[in-house]
There are 2 protein chains.
Amino acid sequence: MANAATRPKTALNQGFSASLALADEEVAALLDLKTTSRTIRRGQEIVSEGRRCSTLSVITEGIAIRYRILRDGQRQILNFLLPGDFAGLTSCFFETALYSIRAITPTIIFQIPFTAVVELLDQHPGLAAGLFRLFASEAAIRAEHLIGIGRLPGLERVAHFLLELLARLRAKGLADERSYGLPLTREVISDALGMSVRNVNRVLQQLRTAGLVRIEDHVVVIENIEELSVLADFEHGYLRPLAIAELAGERG
Amino acid sequence: MANAATRPKTALNQGFSASLALADEEVAALLDLKTTSRTIRRGQEIVSEGRRCSTLSVITEGIAIRYRILRDGQRQILNFLLPGDFAGLTSCFFETALYSIRAITPTIIFQIPFTAVVELLDQHPGLAAGLFRLFASEAAIRAEHLIGIGRLPGLERVAHFLLELLARLRAKGLADERSYGLPLTREVISDALGMSVRNVNRVLQQLRTAGLVRIEDHVVVIENIEELSVLADFEHGYLRPLAIAELAGERG
DNA sequence: CGATCTGTTGACGGGTTTCAACCTACGTGG
DNA sequence: CCACGTAGGTTGAAACCCGTCAACAGATCG
């Protein structure tokens, strides 16, 4: 545990500004809260389904997944949380957390009591605007996810998924131009895309043989972005919501 | 076209308070805006994918769907918009609308320029809280939708879908205890659930034969809610987010 | 009254799932 | 330093759910 103020602010600012486009003023206000930083081991839970969640966690390092375990033991991964994303924001609105969140890499989070965030909203209306933008962004990502699972065959579905992760990670400076390090097991991919492990493997081999994608030792390499984007019909416009400030005033 | 002030406020208030839990003050502020009411015919578009959307539409009567048409002509319905829901809120955050919205029944909407909503946010912080709650609610519905498409076989998927609609409509006083009127064609159901029309028909017949659900002449009748809920593993907790006011203070 | 929409059903095929076996890598403990 | 257990990857065969195609009927509508 370390007080937020003791950590370098630059890294956090980058994370916030990239995902929220908050003004410096709001970032400072968030940091002045009595936040605590926690280190999460790979595989550890951050939010547990069925338990009350009144703390908002901001991920500053590492990757986490939000998921539900069904009656029969199946798992559906709802989304991937990257640095700058909020874990537990939606959970705070319900009696009990609807989904679990688990780190799939070593992860560092800042915890902020939800009540403190609510109080802050009154003082900094700009924070609300930033949160709206975050919600809009997540809603769009979730919608594309839904389309992929609902209507795309396995090959296109995996292709779209890997491209989206590339784009999201690149936007945060966490990926090279066409590759990124991530411990994506076949099981994780299958649970995210509503497929079986067997089929994910089949598809990945097709993509590998076609010279489009290679996953080796926890590193995803997109070998042919153009062709893969065509295959998956991937447009990344949905990843970039506008800030409210841009929308309110005249826009260029 | 009619000015909002000329319409009876009670009906609108009901719609807002049910979905947003706004204070009367905020409702009045929204109504004082230069809103215009529009009547939409069945099948007409409210928002068009690819076109700039800078107007927020509040549905006061009728049902609409939000969807995407894929390259190959397939359609994926993302969600159903009921009275009290906002059409185009997410679209306002992007250069161009990512999805289309189309009425599937005769529909009445109130249109509010997005800039006016943004201005209102500064004056009425409570409005932001209400919008957050709305976002949280939609996020939960979308997540359950994703789980259904990703991991549930056809029978359970349709069952869950029909139960969710019942619960949502009942919450707005638009359904009886176990039935509701809605022009749900097989095609609409299949496009919402990522299935083929053929399979929807197969499944609906199974449900009908089992004495669980009957769809006749645009009316859905859940004949055995308990059994169907068990089949679909349906819990409706996700449909009721808490208001921020409840969360901020001590809760009973 | 023809055109279109919607519902229904049968036959067929294919994409996926299921099940299973085998393999490598890795970590831990004897 | 090897033994063993576990996690993750790979692959084949069979079954099956589901999608595709097609045909037909009733309803609605201009």
Side-chain angles (χ1 to χ4, degrees), chain A residues 41-44 65 70 72-77 102-106 148-159 161-162 181-209 213-221 231, chain B residues 41-44 65 70 72-77 102-106 148-159 161-162 181-209 213-221 231:
Chain A
R41 287 191 308 275
R42 173 188 149 105
Q44 192 179 340
I65 54 173
L70 305 191
D72 59 3
Q74 284 190 105
R75 179 175 68 168
Q76 176 64 50
I77 295 177
R102 185 183 296 271
I104 62 172
T105 72
I149 291 187
R151 287 302 186 197
L152 297 186
L155 196 69
E156 288 86 327
R157 208 186 294 187
V158 173
F161 171 73
L162 296 176
L182 202 53
L184 278 186
T185 67
R186 321 291 154 146
E187 193 178 9
V188 167
I189 298 177
S190 69
D191 287 343
L193 300 181
M195 302 165 63
S196 67
V197 172
R198 179 69 183 87
N199 203 29
V200 167
N201 230 319
R202 228 185 323 246
V203 166
L204 282 181
Q205 193 177 32
Q206 286 179 256
L207 291 172
R208 196 186 320 139
T209 311
V213 180
R214 198 161 26 96
I215 301 185
E216 279 172 359
D217 197 31
H218 292 180
V219 176
V220 178
V221 182
L231 171 66
Chain B
R41 287 190 309 275
R42 172 188 150 105
Q44 192 179 342
I65 54 174
L70 304 191
D72 57 4
Q74 283 190 105
R75 178 174 69 168
Q76 176 64 51
I77 295 177
R102 185 183 296 271
I104 62 172
T105 73
I149 291 187
R151 287 303 187 197
L152 297 185
L155 196 68
E156 287 87 326
R157 207 185 295 185
V158 173
F161 171 74
L162 296 176
L182 200 54
L184 278 187
T185 67
R186 321 293 167 172
E187 192 179 10
V188 167
I189 298 177
S190 68
D191 287 343
L193 301 181
M195 301 165 61
S196 66
V197 172
R198 179 66 181 87
N199 203 31
V200 168
N201 233 319
R202 249 190 298 251
V203 165
L204 282 180
Q205 193 176 32
Q206 286 180 255
L207 291 172
R208 195 187 319 141
T209 311
V213 180
R214 197 160 29 95
I215 301 185
E216 279 172 359
D217 197 32
H218 291 180
V219 175
V220 179
V221 182
L231 171 67

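Chain identifiers are assigned alphabetically (A, B, ...) following the order of the sequence lines, protein sequences preceding nucleic acid strands; residue numbering begins at 1 within each chain.
- The interatomic distance linking B:D217 (CG) with C:dT6 (C1') rounds to 12 Å, in whole Å.
- Heavy atoms only, all atoms of each residue included: A:R151 and B:Q74 are closest at O-NE2, 3.2 Å.
- Between the CD1 atom of B:I189 and the P atom of D:dG19 there is a distance of 14 Å, rounded to whole Å.
- At a threshold of 4.5 Å between non-hydrogen side-chain atoms, the residues B:V188 and B:R75 count as touching.
- One interatomic measurement links the two molecules: CZ of A:R42 to P of D:dG8, which rounds to 6 Å at whole-angstrom precision.
- Note on B:R151: nothing from the nucleic acid sits closer than 4.0 angstrom, heavy atoms only.
- Spacing between atom CG of A:L152 and atom C1' of D:dG19 amounts to 15 Å, rounded to whole angstrom units.
- Side-chain contact between A:I65 and A:D191: absent, with no pair of heavy atoms (C-beta onward) separated by less than 4.5 Å.
- The nearest whole Å value for the distance from the CD atom in A:E216 to the C1' atom in D:dT10 is 15 Å.
- The two atoms that bring A:A103 and A:R41 nearest to each other are CB-O, 3.8 Å, heavy atoms only.
- The CD atom of A:Q206 sits 12 Å away from the P atom of D:dT11 (whole-angstrom rounding).
- Here the closest non-hydrogen pair linking A:I215 and A:R186 is O-NH2, 4.2 Å.
- One atom, NE2 of A:H218, and another, P of C:dT24, lie 18 Å apart when rounded to the nearest Å.
- Listed in residue order, the members of residues 192-205 of chain B having a heavy atom less than 4.0 Å from DNA chain C are B:R198, B:N201, B:Q205.
- Inter-residue side-chain proximity for A:V200 and A:L193 is flagged as unmet; no heavy-atom pair is nearer than 4.5 Å.
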Dot-bracket for DNA chain D, please, read 5' to 3', with Watson-Crick or G-U wobble pairs under 3.5 Å on both distances, ( ) within the strand, [ ] crossing, | other strand, . unpaired. ||||||||||||||||||||||||||||||

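- Closest approach of A:L204 and A:V158 over heavy atoms only: CD2-CG1, 4.0 Å.
- For B:R157, no side-chain nitrogen or oxygen approaches OP1 or OP2 of D:dC18 to under 4.0 Å.
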Given B:L207 and B:L231, is the side-chain contact (heavy atoms from CB on, under 4.5 Å) satisfied, shown in steps? CA-CA 11 Å; B:L207 291 172; B:L231 171 67; 4.1 Å; yes

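- Per the geometry, CZ belonging to A:R75 stands 16 Å off P belonging to C:dT17, to the nearest Å.
- Closest approach of B:I149 and B:A192 over heavy atoms only: CD1-O, 3.5 Å.
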